[in-house]
Each structure stands twice: as C-alpha cells, then as structure tokens.
Amino acid sequence: MLSVLPFEWTMRLSNRAKYPRITINKFAKVELVWPKHMPQKHVKPTLFRFEPWVRKRLAEFEPHQHQQNLPPQSITLPAIQQTWAMRYQHQAGLKPAMSENNDALVIAGDLQDGEAIRVALQGWLKAKAKLLLNPWLKDVALDMGAEFSAISIRLQKRRWGSCSSKKRISLNAALLFLSPELVRHVLIHELAHLKHMNHSAAFWREVAVFDPLYKQHRLALRHMGKDTPRWLHETFDTPPQLKEAPYETR
Ligand SMILES: [Zn+2]
C-alpha cells in the first residue's frame with residue numbers, strides 16, 4: 001500500500017499484459033495490473049500518473065450505490081437505534097466472512113463474491129435478530145400472560161411473523177429494520193394468536209389491550225416493506241461497467 005495516494009490499491013503481476021493498466025471493481029477496489037517484464041521501479045510514478053483518472057472514477061462511483069443493489073456502505077437497525085459502518089477488506093481466495101468491530105462491520109475475503117457477501121450479511125442479521133427478538137418476545141409474552149413453546153428466526157419475504165397451532169412463534173429477522181413500536185406490535189399480534197388462532201373480533205380485542213394504537217401500526221406495517229434493504233432478498237447487481245484505461249509507458 002502506498003499511503004500518499006488518496007485510495008487503496010493492490011497490484012497483480014501479469015505474464016500476458018503488455019502495458020500496465022488499472023481496474024476498479026464494483027466495491028471501488030483499485031487494482032494495478034503490472035506486466036511481469038516491466039521493472040517495478042516504474043510502479044509508483046505510474047500510479048501517480050493514474051491518480052486523477054482514478055479519483056474521477058471513484059467520485060462517479062458513489063452516487064450510484066443508492067440506486068443499485070450493491071453491498072451496503074452502512075447498516076441502520078431502527079428497532080435498536082444502531083448504525084454500523086461497513087468496511088470491506090479484499091483477501092483473494094478467501095470466502096467472505098463478517099465480524100463486528102465496535103460500531104463497524106468488517107467483511108473480509110474475496111470481494112468479487114457478491115453472493116457470499118450477501119449470505120454473510122443475512123447470517124449476521126439473523127444472529128442479531130435472535131439475540132434481540134428472543135428476550136423481547138419473552139418480555140412481551142410475560143406482560144400478556146401468554147406462553148409459547150419455541151421461537152425461530154427466519155428471513156421470510158412476505159410475513160413479519162407467524163404462530164403455529166403448536167405455539168411456535170416464527171419472527172422475521174427483517175423486523176430489526178422497523179421502529180421499536182412496530183416490532184412490539186408484531187410481537188403482540190403473534191402472541192395474541194396463542195389465545196385466538198384466528199383474526200376474530202376477540203383476537204383484535206386482545207391485541208388492543210396491549211397495543212391500543214394497533215390499527216395505526218397495522219397500516220404502517222403495510223408500507224414498511226420498501227424500507228428493508230434489497231440485499232435481504234435479491235442478489236447484488238453485476239458490477240457497473242467501468243471503462244478501463246490501458247495506456248502506454250513512454
Ligand atoms: Zn395474524
């Protein structure tokens with residue numbers, strides 16, 4: 001790494017390349033492809049010559065991240081009012097793995113493997129949901145005098161939660177993207193099913209006791225799907241085609 005440059009870069013030696021060139025992948029990772037036959041004392045001057053071009057490309061890069069389904073730059077979980085910054089560390093040949101580092105989430109591994117990154121993100125979210133929703137559900141159940149037999153955390157596409165006739169409650173890990181009020185509303189709804197396995201008037205009366213604003217919350221829930229990140233259910237977009245700029249060393 002060359003710290004004086006305003007971006008990080010890696011170098012790959014190539015037998016086939018005739019000229020040095022720079023590529024930028026979808027995670028804004030800069031790679032210098034260096035012909036093996038060329039003396040490496042030219043690497044530094046070459047990078048500095050490339051700098052304006054790389055800066056320009058990287059600047060174009062960022063605004064697009066909002067429209068495209070790309071690995072996130074940060075993750076906010078309104079349910080627990082926490083935000084994590086994402087850090088990506090490229091390690092070729094290594095399956096991406098995720099770890100927490102204070103208020104940052106670090107994904108280290110082969111950053112070309114978008115699907116593995118997505119699986120890592122989903123795994124982290126599910127683990128987080130388990131940690132937070134299990135005790136939360138137990139608390140609300142205690143308030144309601146309701147008893148369930150088991151909890152499972154899933155990542156469903158269309159339901160926030162469900163309750164089986166065997167008193168098993170299943171919760172969607174994406175609940176963490178909702179406000180605490182809406183999460184509580186979903187927990188109350190599912191727990192009320194322990195007494196009424198239907199949506200009868202008696203069921204709604206039970207819900208209303210613990211969530212007087214349930215009608216408002218129910219309505220709000222219907223509009224919440226769009227606030228969950230696309231990576232929950234969709235594979236990442238293919239990297240934008242960035243123009244490579246091969247050039248000659250004079
Ligand atoms: Zn229901």
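What you see below is based on every heavy atom in this structure, not just the backbone, and it leaves out hydrogens, waters and symmetry mates. Each ligand, and each atom within it, is numbered from 1 in the order the structure gives. If you're wondering where the values come from, they're calculated on a predicted model, not measured in any experiment.
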Item to check | Note, I188 side chain near Y214 side chain (heavy atom, < 4.5 Å) | outcome: no
Next on the checklist: Enumerate the salt bridge (charged side-chain N to carboxylate O under 4.0 Å, His left out) contacts for residues 118-144, please, sequence neighbours excluded, ordered by first and then second residue.
Outcome noted: E100-K128, E115-R118
Item to check | Residue list, side-chain hydrogen bond (donor to acceptor under 3.5 Å, both in side chains) with K195, at least two apart or on another chain | outcome: E206
Checklist entry - By side-chain hydrogen bond (donor to acceptor under 3.5 Å, both in side chains), which residues pair with H233, not counting sequence neighbours? => result none
Checklist entry - For the Zn ion (ligand 1), which protein N/O/S atoms are closer than 2.8 Å? => result H189 NE2, H193 NE2, H199 NE2
Next on the checklist: Do V33 and F48 sit in one hydrophobic cluster, given that two such residues count as connected whenever their side-chain heavy atoms are within less than 4.5 Å of each other, even indirectly?
Outcome noted: no
Item to check | H193 and H189 side chains, donor-acceptor separation under 3.5 Å | outcome: yes
